[in-house]
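Structure first, then comments.
Atoms within a ligand are numbered from 1 in the order they appear, just like the ligands themselves.
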Amino acid sequence: MLIKTHDNGFIHPVSSEITPQRAYAGRREMMKLLAGGVAGAALAGWASREALAQTQRPGKLAALAGGKSGVAGAVVMEKVTDYKDASTYNNFYEFGTDKADPARNAHTLKTSPWTVEIEGLVKKPGKYALEDLLKLSAQEERIYRMRCVEGWSMVIPWVGYSLSALIQRVEPQPSAKYLEFLTLADPKTMPFVGSRVLSWPYAEGLRMDEAMHPLTLLTFGMYGEVLPKQNGAPVRLVVPWKYGFKNAKSIVKIRFVDKEPATAWNKAAANEYGFYSNVNPNVDHPRWSQATERRIGEDGLFAKKRKTLMFNGYEAQVGQLYVGMDLKKNY
Ligand code: MTE
């Protein structure tokens with residue numbers, strides 16, 4: 001996210017911004033861009049994502065059927081992003097910084113056996129095997145908007161259950177005010193762990209009431225199947241009213257703490273990535289606006305952007321969590 005892009009005067013992996021079919025439709029513009037030397041990397045990125053999609057079609061992974069969710073706001077009635085885009089256009093810096101890198105490289109991730117360690121201010125700390133976590137509560141399918149801080153968005157059918165089910169199971173002590181999520185950092189299977197782009201392991205955090213909110217999803221699957229590795233298998237977080245980077249992938253530890261935990265992006269650039277990271281069209285990123293977004297797979301490279309909604313459209317559900325807070329300060 002620190003890499004510069006054209007849109008904003010910084011070069012972010014432009015490849016990632018391109019929707020394949022539309023890239024062809026906009027051939028003339030593309031030629032112009034090529035002439036300007038802009039889109040070479042973009043086309044290379046697109047081609048490799050197309051190639052990856054050939055080998056990673058839905059149906060290859062085990063089914064993970066979720067019942068219909070009864071949680072208010074858990075299903076948005078918007079066109080779902082193609083599986084191909086959702087599984088080949090990823091941020092998972094342990095596997096590289098280009099959007100196509102995770103799908104290309106994450107096959108080395110070993111997702112079984114897997115345990116999630118619960119520690120800190122809880123009555124029932126311990127290691128929880130993935131199999132036990134999967135059974136802890138009924139799986140639900142939730143169709144969430146996901147808005148990335150970089151200015152793009154997707155709509156993805158996730159499968160999981162509210163994180164609150166796990167929190168209740170481990171019985172937090174009254175002094176537990178925050179949760180810290182730590183993810184796998186294995187240099188043997190994750191080629192970019194050790195690179196200086198972030199400090200490892202990738203870390204994220206939520207305030208207790210955010211973590212307990214029914215929309216906060218402990219996620220095991222998407223599109224009715226177990227998570228592809230590049231999407232954070234075998235277990236990740238999805239917090240739909242926050243920018244995508246809050247959604248820690250491949251979680252191995254959840255710590256219950258009394259102070260706001262440090263987060264990977266905040267450590268890397270505190271003025272750009274705050275602890276809260278709520279989707280907020282009124283608070284610009286220091287280097288670009290957050291007022292609009294490009295929906296991956298729908299809008300194409302040259303189409304109009306759509307307006308970004310406060311709390312990513314989940315204001316009715318989560319707005320009360322932040323009443324009285326200065327959201328410019330707590331960005
Ligand atoms: N989790 C880990 N462990 N490592 C990462 O680099 N990237 C974050 C988040 N979780 C990241 C991570 C960012 S920047 C985004 S936008 C989302 O994952 C992307 O999730 P997706 O690729 O499934 O859409």
Side-chain angles (χ1 to χ4, degrees), residues 1-3 5 12-13 16-17 49 52 56 80-106 109 111 114 116 144-160 180-187 189-206 217-223 225-240 242-254 263-269 272-273 277 279 285 290 293-297 312:
M1 285 189 288
L2 292 169
I3 306 160
T5 113
H12 200 283
S16 31
E17 308 286 343
R49 287 208 295 123
L52 282 167
Q56 305 200 0
V80 165
T81 300
D82 279 356
Y83 178 94
K84 185 187 70 181
D85 287 321
S87 62
T88 59
Y89 186 95
N90 303 106
N91 278 330
F92 199 166
Y93 277 26
E94 289 83 337
F95 295 101
T97 55
D98 187 274
K99 293 289 183 283
D101 284 343
R104 197 161 33 212
N105 299 332
L109 176 67
T111 56
W114 194 274
V116 176
Y144 283 161
R145 285 181 212 99
M146 205 277 268
R147 167 65 159 81
C148 184
V149 73
E150 298 157 350
W152 49 267
S153 62
M154 298 195 195
V155 174
I156 297 182
W158 300 107
V159 186
E180 181 183 22
F181 301 88
L182 299 169
T183 75
L184 186 70
D186 174 18
T189 54
M190 300 172 134
F192 278 71
V193 163
S195 75
R196 298 225 298 263
V197 59
L198 285 176
S199 62
W200 312 100
Y202 193 93
E204 260 306 337
L206 292 175
L217 193 70
L218 193 64
T219 307
F220 303 92
M222 61 184 223
Y223 299 81
E225 298 174 1
V226 302
L227 286 171
K229 292 178 177 179
Q230 60 270 31
N231 289 82
V235 55
R236 68 175 291 172
L237 205 59
V238 182
V239 193
K242 293 184 180 271
Y243 291 118
F245 66 91
K246 293 298 281 184
N247 302 328
K249 293 176 164 182
S250 305
I251 295 169
V252 292
K253 192 177 276 193
I254 304 177
T263 68
W265 279 105
N266 186 253
K267 278 198 249 172
E272 302 190 12
Y273 310 108
S277 308
V279 175
H285 182 278
Q290 292 293 7
E293 66 199 54
R294 178 181 300 136
R295 181 63 53 82
I296 297 295
N312 204 20

Next on the checklist: If I apply the N/O under 3.5 Å rule, does Gln230 come out as touching ligand 1?
Outcome noted: no

Item to check | Contact (N/O only, under 3.5 Å) between Lys249 and ligand 1 | outcome: yes

Checklist entry - Regarding Ser153 and Arg147, is there a side-chain donor-to-acceptor distance under 3.5 Å anywhere? => result no

Item to check | Any donor-acceptor pair under 3.5 Å from Trp114 side chain to Ile251 backbone | outcome: yes

Checklist outcome for this item: Taking only non-hydrogen atoms of Phe245 and a 4.0 Å limit, the atoms of ligand 1 in range are 8 (C), 9 (C), 13 (C), 14 (S), 15 (C), 16 (S)

Checklist entry - Would one find an N or O of Trp265, backbone or side chain, under 3.5 Å from an N or O of ligand 1? => result no

Checklist entry - Ignoring hydrogens and geometry, is there a side-chain-to-backbone donor-acceptor pair from Lys229 to Asn105 under 3.5 Å? => result no

Checklist entry - Do any N or O atoms from the side chain of Asn231 and from the backbone of Leu227 form a donor-acceptor pair under 3.5 angstrom? => result no

Next on the checklist: On a heavy-atom basis, I'd like to know which of Phe95, Phe181, Tyr202, Tyr243 is closest to atom 5 (C) of ligand 1.
Outcome noted: Tyr202

Checklist entry - Is it true that Glu204 lies under 4.0 Å from ligand 1, counting heavy atoms only? => result no

Next on the checklist: Closer than 4.0 Å to some heavy atom of Thr183 - which atoms of ligand 1 meet that?
Outcome noted: 3 (N)

Item to check | Which segment of Met146 sits under 4.0 Å of ligand 1 when only heavy atoms are counted | outcome: side chain

Item to check | Contact with ligand 1 for Cys148, non-hydrogen, under 4.0 angstrom | outcome: yes

Item to check | Check against ring-ring contact (aromatic ring centres under 6.0 Å, His included), Tyr93 and Trp200 | outcome: CA-CA 10 Å; Tyr93 277 26; Trp200 312 100; 7.6 Å; no

Next on the checklist: Check whether Asn266 reaches the backbone of Thr263 with its side chain - one donor and one acceptor, N or O, closer than 3.5 Å.
Outcome noted: no

Checklist entry - Near Asn90, which atoms of ligand 1 are under 4.0 Å from a heavy atom of that residue? => result 21 (P), 22 (O), 23 (O)

Checklist entry - Looking at ligand 1, does any of its N/O atoms fall within less than 3.5 Å of an N/O of Arg236? => result yes

Checklist outcome for this item: Looking at Asn247, Ile251, Val197, the heavy atom closest to atom 10 (N) of ligand 1 belongs to Asn247

Checklist entry - Would a distance-only check, ignoring hydrogens and angles, find a side-chain to backbone donor-acceptor pair under 3.5 Å from Glu204 to Ala264? => result no

Checklist entry - Ion pair present between Glu293 and Arg145, side-chain N to carboxylate O less than 4.0 angstrom? => result no

